[in-house]
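Contents: one structure, followed by commentary.
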Amino acid sequence: MDDNSKKKADKVKLQQEEAANLVRAKLKKIYGDEPVPDKLDEHQVNTKKPPQAKEPSAKEEIKEVKKISHEHRPMSRHQQYMNKLSQSGLSLKEIQAAWHKYYQQLSNKGKHEVWNEFYAEHQRRRQKAQSDAVQRAEVKKEHTPAKQVAGPSIQDLGKPRTKAEPLIGKPIKAKSESIKKDILKHISARAKKNDKKSSHWHSLAFGLTTGLITMLVLLFSFFNERFITPFIRPSHNVGATPIIVDPNHTDNVGPEPKIIIPKINIEAPVVFDEPSIDEKAVQKALERGVVHYGITPDPGENGNSVIVGHSSSNILNSGKYKFAFLLLKSLEKDDTFYVHKDGKRYVYKVFNKFITDPDDVSVLDPPKNRKAITTLITCDPPGFSTNRLIIQAEQIFPDPTENTESSVDPGASSAPAQLPSDSPTLWNRITDWF
């Protein structure tokens, strides 16, 4: 709104106020103490026609008493009555009826008091509104920059504007806007910093967790034979065999070569077709069962028949006899086990058990005081190739005097430098490959 329009509106408002005051004065002169309303419609102002004597609106009165109560100002008896009505729980219509009855019973002086209070409260409200508007204008003026870029003069309106000149009426940015932007910038920078720090810790935690999981997986893959050995029962893998076997009944002996150890409930194939004692060849043959060492006599021949087997092996390796000799340490003196070969059963009784070094190849030598024995060899402790467990047993059935001489040529191959070991770990396989 421009200045001319504002002045015109203020002038009209002033004229209306003066007309209303004039009508109030005439009414007071005509009716004495007769109350008049605060607002007059346009017809009443123009014609100076006095209104009917009527109480102020109950709705407006309720607003006034609530305002007075909120500001903790004293109330007149009329305002106290209206306040009591407003808190009675009655509907607005019922309150209006009660207020009308109360007003009609008042004297002219009382009615005049009601209207004077009504006028005074409205006047106070208008003054407060004007005061608030002035304060807002002053606050706005304080935040408005003092220096404004002036627009062009009348003489300069026809001249072309150069690039260096500012746009017409373009103001310098307000200080409040600058402060607001600074605050937002600070908050944004701090949020980014916190996000960056949080992201850094999340990345570090994720990296450590991933690394730990990877390390555990690798350790388990490379060395799982150390971890799972205590929970393995080899009989679950190699089958169930009767604990009691009658060595005198050989009708049920099949052609498959095998070893049966009733005490630890083991039944596993014996590989007799691997003549080489090369470590890789022996390890490959151990995938099919336990292995008869190729440079020693067969069962039924005189001498020392040697059988080797795994006590533990990497579960990623091939074969299902990785733990065949895991419980071999449970055998004691006088325990028996059986070896089947070529449809015959050979029974052996344990007479010796001990731990030795991997390079103690003397355990492969023929027995000195016995005609025919079988030596069982595995790694000890299970999962490690540190030592070798040796079980020596003498043939008791059939009679060893019926055995033939050993078919092994002592000069055909040299003795190994070390006894067979556990299968290589995944790590050994990788290093060997490189």
Side-chain angles (χ1 to χ4, degrees), residues 1-140:
M1 181 181 292
D2 56 17
D3 293 340
N4 292 332
S5 300
K6 186 177 180 181
K7 290 180 180 179
K8 187 175 181 180
D10 292 341
K11 186 176 180 180
V12 172
K13 185 176 180 180
L14 182 60
Q15 291 175 349
Q16 291 178 346
E17 186 69 23
E18 290 176 351
N21 290 334
L22 181 61
V23 172
R24 291 192 191 103
K26 289 184 177 182
L27 288 174
K28 189 173 181 180
K29 183 178 181 180
I30 295 172
Y31 293 97
D33 289 336
E34 193 67 26
V36 295
D38 178 45
K39 292 185 178 179
L40 301 176
D41 59 32
E42 185 178 356
H43 177 72
Q44 291 171 337
V45 171
N46 294 333
T47 60
K48 312 295 188 297
K49 182 178 179 180
Q52 297 294 327
K54 186 180 179 182
E55 73 278 1
S57 169
K59 186 176 181 180
E60 290 294 326
E61 285 289 330
I62 292 173
K63 290 182 181 180
E64 298 300 338
V65 296
K66 285 185 177 180
K67 187 72 174 177
I68 295 171
S69 176
H70 178 71
E71 295 176 356
H72 304 289
R73 292 187 285 118
M75 297 184 185
S76 68
R77 61 189 181 93
H78 311 300
Q79 291 168 342
Q80 290 175 359
Y81 178 76
M82 176 53 74
N83 186 45
K84 184 178 179 181
L85 285 178
S86 65
Q87 297 176 1
S88 63
L90 298 175
S91 65
L92 181 61
K93 186 176 180 180
E94 291 172 332
I95 292 174
Q96 181 66 58
W99 174 241
H100 176 74
K101 183 177 180 181
Y102 171 82
Y103 179 82
Q104 293 299 328
Q105 293 175 353
L106 292 174
S107 63
N108 288 341
K109 183 179 180 181
K111 293 176 181 178
H112 187 65
E113 289 175 353
V114 171
W115 278 106
N116 282 339
E117 291 170 359
F118 184 81
Y119 293 149
E121 202 59 41
H122 274 255
Q123 184 66 19
R124 184 178 179 279
R125 188 188 302 178
R126 284 196 298 270
Q127 290 175 353
K128 189 175 185 307
Q130 291 174 358
S131 176
D132 292 344
V134 171
Q135 290 180 359
R136 285 194 298 269
E138 290 178 352
V139 171
K140 184 176 180 181

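Only heavy atoms go into these numbers, but all of them, side chains included; no hydrogens, no water, no symmetry mates. Just so you know, these numbers come straight off a predicted model, no measurement behind them. Residues: numbered from 1 along the sequence shown.
- Between Leu92 and Ile62, some side-chain heavy-atom pair lies under the 4.5 Å cut-off.
- Gln79 places a side-chain N or O within donor-acceptor distance of the main-chain N or O of Ser76, the cut-off being under 3.5 Å.
- The side-chain hydrogen bond (donor to acceptor under 3.5 Å, both in side chains) search around Tyr102 returns His78, not counting sequence neighbours.
- Looking only at atom types and distance, the side chain of Gln123 has a donor-acceptor partner in the side chain of Arg126 under 3.5 Å away.
- Listed by first and then second residue, the salt bridge (charged side-chain N to carboxylate O under 4.0 Å, His left out) pairs involving residues 76-104 are Arg77-Glu113 (not counting sequence neighbours).
- Under the side-chain hydrogen bond (donor to acceptor under 3.5 Å, both in side chains) criterion, Arg73 pairs with Glu71, Glu121, sequence neighbours left out.
- Scanning all heavy atoms of the two residues, the minimum distance from Pro74 to Ile68 falls at O-CG2, 3.9 Å.
- Between Glu64 atom CD and Ser57 atom OG the span is 10.5 Å, to the nearest 0.5 Å.
- Residues forming a salt bridge (charged side-chain N to carboxylate O under 4.0 Å, His left out) with Lys128 (at least two apart in sequence, or on another chain): Asp132.
- Applying the side chain to side chain contact (heavy atoms under 4.5 Å, CB included) criterion to Ser88, with sequence neighbours excluded, gives Leu90.
- Residues Glu60 and His122 have side chains in contact (heavy-atom distance under 4.5 Å, counting atoms from C-beta outward).
- Here the closest heavy-atom approach between residue Trp115 and residue Glu55 is recorded as CZ2-C, 3.7 Å.
- Not a single side-chain hydrogen bond (donor to acceptor under 3.5 Å, both in side chains) links Gln135 to another residue, sequence neighbours left out.
- Donor-acceptor pairing under 3.5 Å is lacking for the side chains of His112 and Asn108.
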Next item on the list: Test His70 against Lys66 for side-chain contact (heavy atoms from CB on, under 4.5 Å), laying out the working first.
Entry: CA-CA 6 Å; His70 178 71; Lys66 285 185 177 180; over 6 Å; no
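- Take Gln87 and apply the side-chain hydrogen bond (donor to acceptor under 3.5 Å, both in side chains) test, not counting sequence neighbours, and it matches Asn83.
- By the side chain to side chain contact (heavy atoms under 4.5 Å, CB included) test, Ala58 pairs with Met82, Ile95, Gln96, Trp99, sequence neighbours left out.
- Nearest heavy atoms, Ala98 versus Tyr81: O-OH, 3.8 Å.
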